[in-house]
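All remarks here apply to the structure that follows.
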Amino acid sequence: QAIEAYILTSIVAGKKPSLAEFVEEGLEHVKANTNIGDDLYNNWTSRFANVAKDVGGQVQPSSPDWTKLCVALAGGPSSPYPDQHASAASTSAGSQTSASTTSTLGTADCQRVEQTYKSLDDDQKWWLGSDGSSRGRKSVEDQMLKVALRCRSHHPVHSLIMDPRDDVWNHPDLFSPAELAELISFNRPTLPDLSQELQQYLYSYSGKVEFLSFTVSARYTGRDHQPRDHPS
């Protein structure tokens, strides 16, 4: 009924209804009608499409913010632990393909992940702080385990992989802003400056916008090279 009411209201207002807008506006309804372990993408996409077909409404293609929905389902806007089927918890956020193929972890999977983390010795863990020791410090792996046990959809953390820029870590129960900054800046790779020769080569393409205008100088290939006439 909620989906039908939303679609009809949108049509009357002269706009195309979309699943993304429905999820955004009816978040509480979606939460109340979703169970732990449900496939968010397939369930709500099919529900929305079926109702739209019944009422004869033309919908606007869209992709809801599955991350926001995952967080809401896991315990509210402040919870960083997605427990549902959604690609949003991974690096492929918003991808329909990954959302439809993501599977939840079973009890045995969770036990295996927990065993892997707990098998780490203290000297194998990353301890935040300047001296790197475990004295009064926070272990990155211990915080990762918290998320790994609460996140039932597949996530890099289940493979001991952490991206500190993932929103899942931005929570006071896990890391402070200063600690996240330390994680992001640690051993950050630096790219060397381009050599003068390479800069000159790149600048040689300046102003060339047509394929036939690209000719690689003999200085770099031993002969003038035109891609169309000399493809290899």
Side-chain angles (χ1 to χ4, degrees), residues 23-24 26-41 44 64-95 98-99 102-188:
V23 172
E24 178 70 22
L27 185 60
E28 292 304 317
H29 171 80
V30 175
K31 286 172 56 179
N33 290 274
T34 300
N35 298 315
I36 297 296
D38 282 356
D39 185 332
L40 292 178
Y41 171 74
W44 286 102
D65 186 346
W66 299 115
T67 301
K68 183 176 181 179
L69 182 53
C70 277
V71 170
L73 288 167
S78 62
S79 173
Y81 311 121
D83 287 326
Q84 304 294 323
H85 260 18
S87 61
S90 71
T91 55
S92 302
S95 167
S98 60
T102 302
S103 59
T104 54
L105 274 68
T107 302
D109 296 320
C110 293
Q111 291 175 344
R112 184 165 54 252
V113 170
E114 183 177 14
Q115 182 178 5
T116 299
Y117 274 97
K118 290 187 174 181
S119 67
L120 297 173
D121 295 330
D122 282 351
D123 58 0
Q124 294 177 300
K125 296 179 180 180
W126 182 358
W127 297 92
L128 295 177
S130 58
D131 63 3
S133 70
S134 61
R135 298 190 304 273
R137 302 294 182 181
K138 179 183 291 184
S139 162
V140 175
E141 287 77 10
D142 289 347
Q143 304 307 100
M144 291 172 66
L145 177 57
K146 291 181 181 180
V147 175
L149 294 180
R150 290 169 172 81
C151 179
R152 291 306 180 101
S153 336
H154 282 287
H155 186 279
V157 73
H158 296 123
S159 301
L160 281 81
I161 297 173
M162 179 193 187
D163 178 1
R165 293 178 176 83
D166 190 330
D167 288 341
V168 75
W169 306 111
N170 189 20
H171 191 274
D173 180 48
L174 299 172
F175 299 106
S176 68
E179 289 167 339
L180 283 176
E182 179 180 349
L183 291 171
I184 293 172
S185 62
F186 181 77
N187 278 356
R188 177 182 293 174

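Note that this is a predicted model, so its numbers are computed, not measured.
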Within a strict 4.5 Å, meaning less than it, do heavy atoms of the [X] and [Y] side chains meet?
X: D122; Y: K125; answer: yes
X: M162; Y: L183; answer: yes
X: F175; Y: E182; answer: no

Heavy-atom closest pair, residues [X] and [Y]:
X: A148; Y: V157; result: CA-CG1, 3.8 Å
X: W127; Y: D142; result: CH2-OD2, 4.5 Å
X: L180; Y: P164; result: CD2-O, 4.0 Å
X: D173; Y: K146; result: O-NZ, 3.5 Å
X: C110; Y: L149; result: O-CD2, 4.0 Å

*Between H29 and W44, how do the two ring planes meet: parallel, tilted or perpendicular, split at 30° and 60°?*
perpendicular
*Considering residues at least two apart in sequence or located in another chain, which fulfil the salt bridge (Lys or Arg N to Asp or Glu O under 4.0 Å) criterion with E141?*
none
*Could you list the residues that satisfy side chain to side chain donor-acceptor pair (under 3.5 Å) with Q111, not counting sequence neighbours?*
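Side chain to side chain donor-acceptor pair (under 3.5 Å) check on Q111 returns nothing, list empty.
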_Residue Q124 excluded, over 12 heavy atoms near CD under 6.0 Å_ =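 Enclosed.
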*asked:* For V168, is there any backbone N or O sitting under 3.5 Å from a side-chain donor or acceptor partner on D166?
replied: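 Yes.
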*So, does W169 use its side chain to make a donor-acceptor pair with the main chain of L174 at under 3.5 Å?*
no
*Roughly how far, to the nearest 0.5 Å, is CE of M144 from NE2 of H158?*
10.0 Å
